[in-house]
Amino acid sequence: MGLRLYNTLTRTKEPFQPIDADQVRMYVCGPTVYDFAHIGNARPVIVFDVLYRLLRHLYGDNHVTYVRNITDVDDKINERAARDYPALPLNEAIGKVTHETAAQYHKDVAALGCLPPTHEPRATEHIAGMRDIIERLVATGFAYVAEGHVLFSPAAMDSAGGMIPRYGALANRSLEEMIAGARVDVAPYKREATDFVLWKPSTEGEPGWPSPCGIAGLGRPGWHIECSAMSKHFLGETFDIHGGGIDLVFPHHENEVAQSCCAHGTARMANVFMHNGFLQVEGQKMSKSLGNFVTVDELLKDWPSEVVRFSMLKTHYRQPIDWTARAMEDSHVALRTFATWAKNPTRDVEPSAEFLEALADDLNTPRAIAELHRLVSTARQAATSLAERGPGARLALLTDADTLAAMQLTRSLQLIGIDIRAYDRDWFERRSTVNIEKIEPPKEKIEALITARNAARAAKNWAESDRIRDELAAMGIQLKDSKGADGQTVTTWEVKR
RNA sequence: GGCCUCGUGGCGGAAUGGUUACGCAGCGGACUGCAAAUCCGUGUAUUCCGGUUCGAUUCCGGACGAGGCCUCCA
């Protein structure tokens, strides 16, 4: 079955038809670099990483171009820079903020297991491209110059006709509605309340570049124009997929479409617009004032990245997601099960067909995850008889079909960016280094108690044996008795969860 | 105020005009000296009120509830 994607432009699920199957082109709006990435920022990064991986699987690794920008010119950045580095000249402070934030962002997304995009342009590298688009928009009457600003006119767009789409078509609202609903302070130089800024003048000390359209003095771009310029540069006037968070539908993507289509005389900027749903934290909107702002950096201190990623994918990308500690625990349990049963492929194995089909159905990751559990049941069917139940004995007993399922499990997880072996190692290290260092008493005492308990057990002194086990339990240590390969009793322990 | 999305079991979460996946938890069992771990089995749900239909959780209308956008935001 072919790939089907939900398109915000048409509000339906459509078969995906790339413009050029030899080179699928996708653009995702990246971060404005002024603060640590939070889990809300992480959602589109992870979701579109899964899509990127799926597209690479379907069309070939070298046949997908993925562009995700870094917006490093924005008034929020200026404010942050002035606040954090008051002693520095503004432009120098801005440079520090954008470089530090971008470096942190790269660290975070790499830790989350996301592939780097094919291109990751910075807005400041593409000012010339923005000026070109602005010049064209003014020349063709879609934009005008006023008091050193350049403004885009949605009204002009709507009277253009021809191929040019209606302004508001993406967000599904009319110009009249937007005028009626405008609560914005309307700047005096705007002809209409809905006009938006393409270029604005910079004062002394603010970041500035030579202005377009004969405007004297330095200026800087408005918010939306950078994506129009960068997508054009790397992907052309019309490309396949444009993604981002649902909050970007309006005004960001609507305005990008307006700028791009009017400047290029095209009907579409991208054929498919995809938007991920919003995220809440423990049932509440995430906000700095509520103090429930969860950064990726902090989250990764507490959890293996695979747990974060899996938690994100347990909910379909278009649904709202409630980010809870409980959900993280659940993901952890599921990954433990997968780690127990996944087998490293010893030959070429594809992810299971049902798994691929679920992903191809508009990235139905919950359905895909259900398939992972089915692979687990298949894999363990051979190992259900009691006699062969020793730890480690299970995988050896798998039949060919079960082994295939166990290998498909690994491959399927890999396709959504989860390296189950890396997770297993991370989990083990976190337990053995982080937790065990912290616990009292130290390891030696635990070992000594276990030895004493096993001596009591050998003597069938159950009262003493149970007393020691309870003593350890009170310390947070869980014992696990099992039989080794030679039939000898082996007692292992772990920190109680 | 305008526009939009969503409401499925104890929890998470798919799907569907006609026995409501899957996971977690719970319960029963196997195993175990007893536990833990593991395995087997299993109960429970479509917010409410109308309408269309042979049949609605699914389609339509309304109510209630949650969330989003309209202003920086993934």
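Residue numbers begin at 1 in each chain, while the letters A, B, ... track the order of the sequences. What you see below is based on every heavy atom in this structure, not just the backbone, and it leaves out hydrogens, waters and symmetry mates.
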Atom [atom1] of [X] and atom [atom2] of [N]: how far apart are they, to the nearest Å?
X	N	atom1	atom2	answer
E464(A)	A35(B)	CD	P	19 Å
R68(A)	A74(B)	CZ	P	13 Å
W323(A)	G67(B)	CH2	P	20 Å
Q280(A)	U5(B)	CD	P	18 Å
E254(A)	C73(B)	CD	C1'	18 Å
W462(A)	U32(B)	CH2	P	12 Å
K76(A)	U71(B)	NZ	P	14 Å
L335(A)	G23(B)	CG	C1'	12 Å

Non-hydrogen side-chain atoms of [X] and [Y] separated by less than 4.5 Å:
X	Y	answer
R166(A)	L175(A)	no
R68(A)	M26(A)	no
F310(A)	I418(A)	yes
L359(A)	R367(A)	no
L55(A)	F16(A)	yes

Sidechain N-carboxylate O distance under 4.0 Å for [X], [Y]:
X	Y	result
R220(A)	D75(A)	yes
E371(A)	R374(A)	yes
D419(A)	R421(A)	no
E79(A)	R83(A)	no

Counting only distance, no hydrogens or angles, is the base of C70(B) paired donor-acceptor with the side chain of R173(A) under 3.5 Å?
->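 No, no donor-acceptor pair under 3.5 Å.
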Give a yes or no on whether a donor-acceptor pair under 3.5 Å exists between the nucleobase atoms of C72(B), that is its base, and the side chain of D35(A).
->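 No, the side chain and the base share no sub-3.5 Å donor-acceptor pair.
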Identify which nucleotide among [options] has an atom closest to any side-chain atom of [X], counting heavy atoms from C-beta outward.
X	options	value
H373(A)	A74(B), G23(B), C70(B)	G23(B)
I246(A)	G23(B), G68(B), C72(B)	G68(B)
N276(A)	A74(B), C34(B), C69(B)	A74(B)
N41(A)	C34(B), A74(B), G67(B)	A74(B)

Where does RNA chain B pair, written as one dot-bracket string 5' to 3', with Watson-Crick or G-U pairs under 3.5 Å, ( ) inside the strand, [ ] for crossing pairs and | for another strand?
-> (((((((..(((.....[...))).(((((.......)))))....(((((..]....))))))))))))....
Within the sub-3.5 Å range, which N or O atoms of nucleotides 9-15 of chain B have a protein N or O partner, and how far apart are they?
unit_1: G13(B); atom_1: OP1; unit_2: T315(A); atom_2: OG1; d: 3.2
unit_1: A14(B); atom_1: OP1; unit_2: H316(A); atom_2: N; d: 2.8
unit_1: A14(B); atom_1: O3'; unit_2: N364(A); atom_2: ND2; d: 3.2
unit_1: A15(B); atom_1: OP1; unit_2: N364(A); atom_2: ND2; d: 3.2

Could you state the interatomic distance from CZ (F250(A)) to NE2 (H252(A)), rounded to the nearest 0.5 Å?
->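 That separation rounds to 12.5 Å.
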Stacking between F278(A) and the base of G68(B) (centre distance under 5.5 Å, interplanar angle under 30°)?
->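 Aromatic stack with G68(B) absent for F278(A).
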Between [N] and [M], how far is it from one [atom1] atom to the other, in whole Å?
N	M	atom1	result
C73(B)	A66(B)	P	27 Å
C27(B)	C60(B)	P	42 Å
A63(B)	C6(B)	C1'	16 Å
U20(B)	C69(B)	P	37 Å
U16(B)	C24(B)	C1'	24 Å
U19(B)	G55(B)	P	14 Å

Partner set under side chain to side chain contact (heavy atoms under 4.5 Å, CB included) for A448(A), not counting sequence neighbours =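 Once residues adjacent in sequence are excluded, A448(A) has no partner under the side chain to side chain contact (heavy atoms under 4.5 Å, CB included) criterion.
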Tell me which of R318(A) and E371(A) sits closer to the 5' end of RNA chain B, going by the nucleotide each one is nearest to.
->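 Taking each residue's closest nucleotide, the earlier one in sequence belongs to R318(A).
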So does W341(A) get a side-chain nitrogen or oxygen closer than 4.0 Å to the phosphate oxygens (OP1/OP2) of C39(B)?
->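 Looking at the OP1 and OP2 atoms of C39(B), one of them is under 4.0 Å from a side-chain N or O of W341(A).
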